[in-house]
Amino acid sequence: MSTVEQDRLNEAINSGLSRAETDNIPGLNRWEMTGSILGRLNLTDGCTVTQHSQAVTCGASGPHIQNEKVHPRDILVVVESDGTTTKFLIEDVTGSRTIHLGIPSNRTITGTSDSYILRRTIELPSTGQIISILPVDGKSVDGLAREPGHALRDPFKEGTARYYEQNFSDLHDVSSVSLWPAPTDTTLQWTITQTQYKPRLANDTDELAYPEEVLDAILERARDCYLTWTGAANQNDITASFRALRDTSDALKNSSNPKQIFYKT
């Protein structure tokens, strides 16, 4: 088997796994977690934005940016000595005290110790899809809506969160969710429901701790992906694949339930 064909088969298995996860494996594929934003992080040694550069350098005696869980879409607030304030959306963190803005700055800005980062993100355990985010206050019943477009109109707005956007850092291989408007109350907890997406199957020794019926569903979805990508399937193959997918979908939805008993009346 060629290397290209082997890679295609590996990707088909990963795609089958992803599709099975999003088809809801009851009792196996969801996390319900509570957490809070970290809020304001003071840059006690200031920071420097360099003209024509995407990088922001924070002072050596300031906080360790990575350890303080700064994520994409957090807000950098640079305060100059004359009180001028400039805000940026953080694209990613590139070092212990360096931040990437994505777009080069049009001027050099020297921030004083009044500068800070508003951390409005919550780090997630996986890249799985967020199903819901609800405030833990005993009163509110409405959850946050996934509306990334709303945040673009006023990206630095602070207040009561109404929307969320899920982000991913390629540099650190970490998923996070940013809330908008950026809440400043770090005591408010949020209940996040997320699909429990497994790590990619990168090695032949990687295993999936799933019941047989779930593995069956994953393999059928992987086979369907492979047939689609190769374009070599005839009508009979496509029909058989569709029937297999339909049958395994039923098993998938009942995979963590005890055997069902049917009564005739």
Side-chain angles (χ1 to χ4, degrees), residues 31-47 49 55-79 85-102 111-138 140 143-148 150-152 154-194:
W31 275 306
E32 285 81 23
M33 309 158 289
T34 56
S36 304
I37 63 163
L38 296 177
R40 179 167 171 153
L41 175 65
N42 292 320
L43 301 178
T44 53
D45 198 18
C47 63
V49 181
V56 177
T57 304
C58 301
S61 61
H64 190 294
I65 304 298
Q66 286 179 314
N67 291 348
E68 294 296 340
K69 301 296 183 182
V70 175
H71 291 291
R73 306 303 181 271
D74 282 340
I75 300 170
L76 171 66
V77 182
V78 183
V79 182
T85 299
T86 308
K87 299 181 179 181
F88 299 92
L89 285 180
I90 294 174
E91 181 64 24
D92 212 335
V93 175
T94 54
S96 61
R97 289 182 175 82
T98 54
I99 298 170
H100 193 274
L101 298 179
T112 67
S113 58
D114 291 328
S115 303
Y116 62 93
I117 296 172
L118 187 56
R119 294 168 295 180
R120 58 167 175 175
T121 55
I122 300 174
E123 186 174 311
L124 300 172
S126 82
T127 58
Q129 179 185 6
I130 292 177
I131 298 172
S132 67
I133 300 180
L134 295 167
V136 183
D137 59 7
S140 302
L144 304 186
R146 185 184 179 277
E147 293 288 349
H150 285 279
L152 297 177
D154 191 358
F156 308 124
K157 184 176 181 179
E158 299 178 24
T160 302
R162 297 175 57 194
Y163 307 104
Y164 74 88
E165 179 183 7
Q166 189 170 358
N167 312 301
F168 180 73
S169 170
D170 291 328
L171 186 62
H172 304 290
D173 196 25
V174 173
S175 182
S176 61
V177 58
S178 58
L179 310 185
W180 182 90
T184 55
D185 184 1
T186 58
T187 64
L188 180 60
Q189 288 185 298
W190 303 87
T191 298
I192 300 175
T193 303
Q194 181 188 22

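The residues of the chain are indexed from 1 along the displayed sequence.
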Run the side chain to side chain contact (heavy atoms under 4.5 Å, CB included) test against S113 and tell me which residues pass, sequence neighbours left out. none
Please confirm whether the backbone N or O of V79 pairs with a side-chain atom of S115, one donor and one acceptor, at under 3.5 Å? yes
Approximate separation, where rounding is to 0.5 Å, of W180 CH2 and I75 CD1: 10.5 Å
Using only atom types and a distance under 3.5 Å, with no angle test, would you say the side chain of D45 pairs donor to acceptor with the backbone of A60? yes
Evaluate the side-chain proximity of L38 to L41: yes if any heavy-atom separation is below 4.5 Å, no if none is. no
Taking Q194 for the side chain and S126 for the main chain, is one N or O donor matched with an acceptor at less than 3.5 Å? yes
Nearest 0.5 Å please: distance from the CD atom of E91 over to the NE2 atom of H71. 14.0 Å
For the pair T86 (side chain) and V78 (backbone), establish whether a donor and an acceptor sit closer than 3.5 Å, ignoring hydrogens and angles. no
Any donor-acceptor N/O pair, R119 side chain to G39 backbone, under 3.5 Å: yes
Between Q66 and S96, which heavy-atom pair has the shortest distance, and what is it? OE1-N, 3.7 Å
Dump the intermediate steps for side chain to side chain contact (heavy atoms under 4.5 Å, CB included) on Q166 and L124, then the final yes or no. CA-CA 9 Å; Q166 189 170 358; L124 300 172; 3.9 Å; yes
What verdict does the side chain to side chain contact (heavy atoms under 4.5 Å, CB included) test give for D92 and H172, after you've listed the backbone C-alpha separation in whole Å, the side-chain angles of each residue and the deciding distance to 0.1 Å? CA-CA 9 Å; D92 212 335; H172 304 290; 3.6 Å; yes
Backbone of F168 reached by a side-chain donor or acceptor of S175 within 3.5 Å: no
In terms of heavy-atom contacts, Y164 and L179 come closest through CB-CD2, 4.1 Å
Has the side chain of R73 got a donor or acceptor atom that lies under 3.5 Å from a matching backbone atom of E165? no
Under 3.5 Å, is there a donor-acceptor pair between the side chain of D74 and the main chain of R120? yes
